[in-house]
Amino acid sequence: MATNDPTTQTLAQLGDGTPEKVVARFDGVRHEFDERAAGASSDPETWKSFVVQWTGRKSGVLSQITDNWLKPAPPELKKAVGQELNKLKAHVEAVLEEKCKQIEAGAEQAAAARGQIDLSLPGVEHAIGTRHLIYQTYQELERIFLSIGFSVVEGPEIETPYYNFEALNIPEHHPARDNMDTFYIHGARGGHLLRTHTSPMQIRTMEKEKPPVRIIVPGKVYRRDNPDSTHGYMFHQIEGLAVDADITFCDFKGTVEYFVREFLGPKAKTRLRPSYFPFTEPSAEVDATCHVCGGSGCRVCKFSGWIELFGAGMVDPAVYGFVKYDPEKLSGFAFGMGVDRLAMMKYGVTELPVLTQNDVRFLRQFP
Ligand code: PHE
């Protein structure tokens, strides 16, 4: 620092110490700063040390003024010194910032002139993520069912055997429990389990709500399957349930047909095949005409013309007993769809694992 460094003197040396003198003293500092800043070198290192000289935390000029002028100032001068110091700080910061910008701009221009920066290069693209294919499929399914008065509810992935099995008319030792290859938690059969389907939410919803009920339930389900190209130990389902005073099999069929046309296109036809689920009676497997060949037969539909979509049926009256609904007065239907399957079928994906591997080369195909 130069020998005439204004900050090495204390405020006491201002003599009679009037506010006017304080102002004059700060004017002097400001003037000196302006001169030095104007003449400062724009070489990065020299510039950096100039900045530190003035704004450095410990021994920068501004800190020294705070320590030597402001702190020991007599009460009647404190205000004037404080105000002047704030003004000086703002001034110094503004000038330094402006000069910084100039230096940066100058450096860029110089680099461009030396040919180091090609200003004609396109900018850097920041890729924006997209929704996962499964999520997109859920959105599509929800759109269809919301449009006909269903609402979305969600439920726990950790369930009790009561909700996952018993209240769905699957008593202990019923063979349907074995088909479900359940993950039990803590190894105890009486304890908790990972839900094997979204159907427990049928029970939870009817326990809580009075009819009419019209819900869909998106969610993850778990089964002890050996992973292969079409099986995983976790997959996605969407459950549907409609219960009201006089819902008929016709309502069921109409809803299913509407869904298939919305999901696969207006030309898709629907077929119901008899099936079995403990919690629906009668039960059906819903097929649609193959979306690839339109029903004439191809490799995708194994030359049958039909694709299996999901399981469904009229709610078994035994289920109403568990939720204290009156089976004499109520009826309804339920369905449970495998969302991964539907997505793979609709978008021509042949391997299930790619849905969970998060390979961007796959994900980017579904913007
Ligand atoms: N929960 C059954 C399954 O996971 C599907 C289903 C739901 C069938 C509702 C009928 C009614 O296989």
Side-chain angles (χ1 to χ4, degrees), residues 134 138 141 144-145 150 152-157 159-171 174-183 193-206 213-225 230-244 247-249 251-253 255-256 259-260 270-288 307-320 322-323 325 327 330-343 345 352:
I134 292 293
Y138 267 131
L141 297 171
I144 296 170
F145 285 106
F150 284 74
V152 180
V153 298
E154 285 180 74
E157 289 173 21
E159 268 296 2
T160 61
Y162 177 78
Y163 287 107
N164 197 78
F165 294 126
E166 237 159 283
L168 286 163
N169 203 28
I170 315 173
H174 191 288
R177 289 210 188 189
D178 301 334
N179 294 342
M180 292 268 197
D181 293 313
T182 313
F183 281 115
L193 50 80
L194 296 181
R195 67 178 174 193
T196 58
H197 50 179
T198 40
S199 304
M201 277 309 284
Q202 290 189 31
I203 306 300
R204 288 185 180 276
T205 305
M206 288 190 283
V213 164
R214 220 176 290 140
I215 53 150
I216 49 171
V217 189
K220 293 189 177 105
V221 303
Y222 302 84
R223 289 187 200 175
R224 277 175 47 187
D225 276 324
T230 55
H231 294 85
Y233 41 79
M234 181 280 290
F235 58 102
H236 301 84
Q237 280 193 337
I238 194 161
E239 189 84 7
L241 174 71
V243 179
D244 203 349
I247 290 185
T248 65
F249 195 85
D251 297 320
F252 166 55
K253 195 158 175 276
T255 306
V256 164
F259 164 76
V260 170
T270 308
R271 166 175 95 172
L272 299 180
R273 263 183 306 119
S275 184
Y276 172 77
F277 298 101
F279 36 93
T280 47
E281 180 60 34
S283 302
E285 224 38 80
V286 178
D287 297 344
I307 299 264
E308 188 183 315
L309 288 188
F310 58 91
M314 300 301 288
V315 176
D316 192 311
V319 172
Y320 295 131
F322 287 95
V323 295
Y325 272 21
L330 294 166
S331 55
F333 59 84
F335 52 84
M337 307 178 179
V339 176
D340 310 71
R341 246 187 69 81
L342 291 180
M345 188 201 81
L352 179 75

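Residues take their numbers from the sequence shown, with the count starting at 1. All ligand and atom numbering here is 1-based and tracks the order in the structure.
- The environment of CZ in Arg224 is sparse: at most 12 heavy-atom neighbours from other residues, nucleotides or ligands sit within 6.0 Å.
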Trace of the ring-ring contact (aromatic ring centres under 6.0 Å, His included) decision for His197 with Phe277: CA-CA 12 Å; His197 50 179; Phe277 298 101; 9.1 Å; no
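- The side-chain hydrogen bond (donor to acceptor under 3.5 Å, both in side chains) search around Tyr320 returns none, not counting sequence neighbours.
- Ring geometry for Phe252 versus Phe249: interplanar angle over 60°, hence perpendicular rather than tilted (30 to 60°).
- Partner of Thr198 under the side-chain hydrogen bond (donor to acceptor under 3.5 Å, both in side chains) criterion, out of Gln237, Lys220, Glu154: Gln237 alone.
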Could you walk me through whether Phe150 and Phe259 pass ring-ring contact (aromatic ring centres under 6.0 Å, His included), step by step? CA-CA 12 Å; Phe150 284 74; Phe259 164 76; over 10 Å; no
Any protein N/O atoms within less than 3.5 Å of an N/O atom in ligand 1? List the atom names and distances, or say none.
unit_1   : atom_1 : unit_2 : atom_2 : d
ligand 1 : 1 (N)  : His197 : ND1    : 2.9
ligand 1 : 1 (N)  : Ser199 : OG     : 2.9
ligand 1 : 4 (O)  : Arg223 : NH2    : 2.9
ligand 1 : 4 (O)  : Gln237 : NE2    : 2.9

